[in-house]
Amino acid sequence: EYQATDEITRGRFGLAEAYAQEGSQFAAEAGQPNTACRHQGLLALCAAIRSHADAGDLAKAVLAEASARRLPDAMAYARRALGLLELAAGRHSEAARHFEAIGEPPSDLAMTVLPDLVEALVRAGEQERAAEAAAGFATWTEHTVAPELHALTARCRALVSSNTDHYTESLQLHTDSPLESARTELLFGEHLRRERRRSAKRRF
């Protein structure tokens, strides 16, 4: 499970899926259904990130089983998978609902999904709630030395402030996650396009 989550963080989703599939199989053979369910949650998350056709069904199945077994980590994996699918589909309020359902800070599982929540809330027009989530994430990452977490903190600040400098800072700090770096580039590009449109309007 730890190997799979580490590979997800580093953007190596093929390896993550291999570890999660192997872990799920071993757990099932050893009669450890809770452990198998957690690995299935990681498979659902990978499937959502990679836009597999069955990602939604897999995530819903994991969420149902994990809820019955009261497995907060497996539920978090499944909820994040469903939230990312909704975010990609442009259903931003639904995405935020899934991310918020993961739990209340300061749980690590809840905190790590806050950058996703900030993006969903900003896209849904919930600027005040997004700012609160961004502030909570900044507090959580304040004493860490991990550049990637600081990159996500800067991206959250950029989203709630539309400050170009925060986007630039975020891109400079991304070191270990190609996926998150690409997401930041996409958001920065959208921001620059909006700024150019505003500039064009001001000329007329």
Side-chain angles (χ1 to χ4, degrees), residues 8 41 44-53 55-60 62-64 66-67 72 75-141 148-171 174 177 179-201:
I8 289 172
L45 180 54
C46 287
I49 292 170
R50 304 182 84 180
S51 299
H52 290 178
D57 290 340
L58 178 56
K60 289 174 185 175
V62 171
L63 183 59
S67 298
M75 291 169 64
Y77 300 146
R79 284 285 190 190
R80 189 182 182 206
L82 291 169
L84 290 174
L85 290 171
E86 297 286 14
L87 190 61
R91 294 185 287 268
H92 306 129
S93 294
E94 285 299 301
R97 182 178 63 81
H98 283 297
F99 296 141
E100 288 179 312
I102 288 174
E104 294 294 330
S107 161
D108 285 352
L109 289 171
M111 296 305 293
T112 53
V113 80
L114 282 184
D116 298 325
L117 175 60
V118 170
E119 180 181 345
L121 289 172
V122 167
R123 291 185 182 279
E126 299 278 356
Q127 200 69 22
E128 186 174 335
R129 291 171 61 201
E132 291 176 2
F137 189 69
T139 299
W140 186 65
T141 61
E148 195 60 40
L149 288 178
H150 288 297
L152 294 174
T153 300
R155 186 174 81 195
C156 289
R157 287 175 175 150
L159 281 165
V160 299
S161 69
S162 295
N163 188 323
T164 299
D165 291 341
H166 291 316
Y167 281 114
T168 302
E169 178 189 4
S170 181
L171 289 172
H174 280 300
S177 178
L179 172 64
E180 295 302 338
S181 181
R183 288 178 68 181
T184 300
E185 288 180 346
L186 176 62
L187 290 165
F188 191 15
E190 292 176 354
H191 167 73
L192 292 175
R193 283 194 294 275
R194 286 193 300 271
E195 288 300 303
R196 280 195 285 269
R197 284 197 293 269
R198 291 192 189 104
S199 297
K201 287 180 181 178

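Sequential numbering from 1 along the given sequence is applied to the chain's residues. Here the structure is a predicted model, which means the values were calculated and not measured.
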K.L.:
Walk me through it: do I8 and I49 pass the test side-chain contact (heavy atoms from CB on, under 4.5 Å)?
P.N.:
CA-CA 9 Å; I8 289 172; I49 292 170; 4.3 Å; yes
K.L.:
Got a sec, which residues hit side chain to side chain contact (heavy atoms under 4.5 Å, CB included) with T139, two or more places apart in sequence or on another chain?
P.N.:
none
K.L.:
Not counting sequence neighbours, which residues clear ring pair (Phe, Tyr, Trp, His ring centres under 6.0 Å) with Y167? List them please.
P.N.:
F188, H191
K.L.:
Can you check whether L149 reaches F137 side chain to side chain, under 4.5 Å on heavy atoms?
P.N.:
yes
K.L.:
Determine, step by step, whether H98 and E86 satisfy the side-chain contact (heavy atoms from CB on, under 4.5 Å) criterion, reporting the C-alpha distance in whole Å, the side-chain angles of both residues, the deciding distance to 0.1 Å, and the verdict.
P.N.:
CA-CA 9 Å; H98 283 297; E86 297 286 14; 4.0 Å; yes
K.L.:
Measure the shortest side-chain to side-chain distance between R79 and L63 over non-hydrogen atoms and say whether it is less than 4.5 angstrom.
P.N.:
yes
K.L.:
With sequence neighbours excluded, tell me which residues meet salt bridge (charged side-chain N to carboxylate O under 4.0 Å, His left out) with R80.
P.N.:
D116, E180
K.L.:
Kindly give the heavy-atom pair with the smallest separation between H166 and S161, and that separation in Å.
P.N.:
CD2-OG, 3.4 Å
K.L.:
Roughly how far, to the nearest 0.5 Å, is CZ of R50 from CG of L179?
P.N.:
11.5 Å
K.L.:
Just by distance, with hydrogens left out, do E148 and H174 show a side-chain donor and acceptor under 3.5 Å apart?
P.N.:
yes
K.L.:
Kindly determine whether W140 and L114 satisfy side-chain contact (heavy atoms from CB on, under 4.5 Å), including the steps that lead there.
P.N.:
CA-CA 10 Å; W140 186 65; L114 282 184; over 6 Å; no
K.L.:
Under a 4.0 Å N-O cut-off, is there an ion pair linking E190 with R123?
P.N.:
yes
K.L.:
Listed by chain and number, what are the side-chain hydrogen bond (donor to acceptor under 3.5 Å, both in side chains) partners of T168, not counting sequence neighbours?
P.N.:
none
K.L.:
Below 3.5 Å, can you tabulate the donor-acceptor pairs from side chains in residues 125-136 to any protein atom, sequence neighbours excluded?
P.N.:
residue, atom, partner, partner atom, Å
Q127, NE2, V160, O, 3.1
R129, NH2, E100, OE1, 2.8
R129, NH2, E100, OE2, 2.5

K.L.:
Does some side-chain heavy atom of L117 sit less than 4.5 Å from a side-chain heavy atom of I102?
P.N.:
no
K.L.:
Is any side-chain heavy atom of R183 less than 4.5 Å from a side-chain heavy atom of R155?
P.N.:
yes
K.L.:
Would you say S181's side chain and S177's backbone share a donor-acceptor pair under 3.5 angstrom?
P.N.:
no
K.L.:
Once rounded to the nearest 0.5 Å, what's the spacing between atom CG of L82 and atom CG of L58?
P.N.:
9.5 Å
K.L.:
Can you measure from CG (L159) to CG (L121) and round to the nearest 0.5 angstrom?
P.N.:
10.5 Å
K.L.:
Drop me the distance from L85's CG to E94's CD, to the nearest 0.5 angstrom.
P.N.:
12.5 Å
K.L.:
So how far is it from R157 CZ to S170 OG, rounded to the nearest 0.5 Å?
P.N.:
11.0 Å
K.L.:
Taking only residues two or more places apart in sequence, or in another chain, which ones meet F99 in a ring pair (Phe, Tyr, Trp, His ring centres under 6.0 Å)?
P.N.:
none
K.L.:
Could you tell me which non-hydrogen atom of G83 sits nearest to which non-hydrogen atom of A95, and how far apart they are?
P.N.:
O-CB, 3.3 Å
K.L.:
For the CG atom of L87 and the CD atom of E119, what is their distance to the nearest 0.5 Å?
P.N.:
4.5 Å
K.L.:
Which heavy-atom pair separates T112 from P115 by the least distance, and what is that distance?
P.N.:
O-CD, 3.5 Å
